[in-house]
Amino acid sequence: MTGEIIYQNCGLVIQDTMLDKHPEWRAFTPEQRESCKRMGLPLSFSRHDKGLSTSIFVTRDAYGRMLRSSEHYKMLRLRRLNIRTKLHRSAERNLFQAMNVLNRLCEKLKIPRGLHESAAFIYRKALGKGLVRGRNIAGIATASLYLALRRANVPRTLNEIVDVSPRSRKEISRLYRLLIFEFNYKTPIDDPVQYVSKIATKAGISQKAQMRAIEILQKVRRLQISVGKGPRGLSATALYIACFELNEKTSQKRLAEAAGVSSVTIRNLYKSLIRDVELKFVKIQI
DNA sequence: TAAGATAAGAGGGACAT
DNA sequence: ATGTCAGTCTTATCTTA
């Protein structure tokens, strides 16, 4: 008993309504979140008619008599319209909420218009594919935004996105992976080079050192030792090495903060990069 | 003060059960 | 589906130059 609506004639399933076990409704504070943990269906959106939906039956009238065939077809048409508008409204409500969430996120993150649009497009696709049902709208919206950024090669981190989202990091990364899987998206590999100028600007590092860091990263990539390493950690480390080579003053701490990684990460990467890469070209350079 | 060392824990991928 | 394993990264604390 899952609540499908089925054509009596041919058995075609028109609409199957699944139970939604997750908290619905927006909540931005813990107190709100508590009050939103509900025990039933979301009355306002998934079942906006509170379960008392109009059903139009097509073979008999109110007294149980068979209808004439002209009446029969008229009722069929009405029934179809009734179902369609219901679906329509539900999708619209969903989108309305999702777009609200997305607007807030994009405003906080200063996301340009175009990316905002592609995030919205991704959300619509997810909704159309039925991926939102049973899941949290804000979660999918956030994941859509992150996916749009990744596909556009915009160096924004998941943490930056999560910080302004009402949902947890865990949930968003799970949903992000879901979207990748469902849409068969090949997102470009997160290239450390992308982060160089962002990190360097934040840490106040010269163009010259940036160029050098990019060279280092390209060698690292060619040697295929960057797999499994965090791109921001690599980027910050390359900048650190570059500064070191050029006698430019900086510190692990400053770079670590600018890159959003820990200084320990820089230290460890620094050691392994020196071991695996530097020895091969440090002689040529210095 | 910056950098290094070390330890404990979290989260996620690969792989087997 | 669940557990284990290796590897990465984080936080915290202590030591060293």
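Chain letters run A, B, ... following the sequence lines, proteins first and then strands; every chain starts at 1.
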Checklist entry - Looking at DNA chain C, which of residues 262-271 of chain A put a heavy atom within less than 4.0 Å of it? => result Ser262(A), Val264(A), Thr265(A)
Item to check | Lys129(A): partners by salt bridge (Lys or Arg N to Asp or Glu O under 4.0 Å), with sequence neighbours left out | outcome: Glu182(A)
Checklist entry - Quick one: do Glu171(A) and Arg174(A) make a salt bridge, cutoff under 4.0 Å? => result no
Checklist entry - Of the candidate nucleotides dT8(C), dT10(C), dG12(B), which contains the atom at the shortest distance from the side chain of Lys170(A)? => result dG12(B)
Item to check | Atom-to-atom span, CZ of Phe244(A) to C1' of dA3(B) - whole angstrom | outcome: 11 Å
Next on the checklist: Given 3.5 Å as the limit, does a donor-acceptor pair link the side chain of Asn94(A) with the main chain of Ser90(A), or not?
Outcome noted: no
Next on the checklist: Considering every strand and a 4.0 Å limit on heavy-atom distances, what is the contact class for Arg177(A): base, sugar-phosphate, or nothing?
Outcome noted: sugar-phosphate
Item to check | Asp190(A) CG to dC9(C) C1', straight-line distance once rounded to whole Å | outcome: 15 Å
Checklist outcome for this item: With sequence neighbours left out, the residues meeting side-chain hydrogen bond (donor to acceptor under 3.5 Å, both in side chains) with Arg113(A) are Glu117(A)
Next on the checklist: Taking ring pair (Phe, Tyr, Trp, His ring centres under 6.0 Å) as the cut-off, I'd like each qualifying pair that reaches into residues 116-165 of chain A, sequence neighbours left out, listed once.
Outcome noted: Tyr146(A)-Tyr176(A)
Checklist outcome for this item: Rounded to whole Å, CZ of Phe181(A) lies from P of dG13(B) at a distance of 13 Å
Next on the checklist: Nearest whole Å is fine: how far is dA2(B) P from Glu248(A) CD?
Outcome noted: 17 Å
Item to check | Rounded distance (Å) that lies between atom C1' of dG12(B) and atom NZ of Lys229(A) | outcome: 16 Å
Checklist entry - Within less than 4.0 Å of OP1 or OP2 of dC9(C), is there a side-chain N or O belonging to Arg232(A)? => result no
Checklist entry - Is Lys253(A) near enough to dA2(B) that one of its side-chain N or O atoms lies under 4.0 angstrom from OP1 or OP2? => result no
Next on the checklist: Expressed as a whole number of angstroms, how long is the span from Arg275(A):CZ to dG4(B):P?
Outcome noted: 15 Å
Item to check | Interatomic distance where CZ belongs to Arg174(A) and C1' belongs to dG13(B) [whole Å] | outcome: 16 Å
Next on the checklist: With nearest nucleotide decided by heavy atoms, which residue, Arg169(A) or Tyr240(A), maps closer to the 5′ end of DNA chain B?
Outcome noted: Tyr240(A)
Checklist entry - What residues, two or more places apart in sequence or in another chain, satisfy ring pair (Phe, Tyr, Trp, His ring centres under 6.0 Å) together with Tyr185(A)? => result Phe183(A)
Item to check | Nucleotide nearest Gln252(A) when distance is taken to its side chain, options dG4(B), dG13(B), dT10(C) | outcome: dG4(B)
Item to check | Residues in side-chain hydrogen bond (donor to acceptor under 3.5 Å, both in side chains) contact with Lys198(A), at least two apart in sequence or another chain | outcome: Glu160(A)
Checklist entry - Glu257(A) CD to dC9(C) P: how many Å, rounded? => result 18 Å
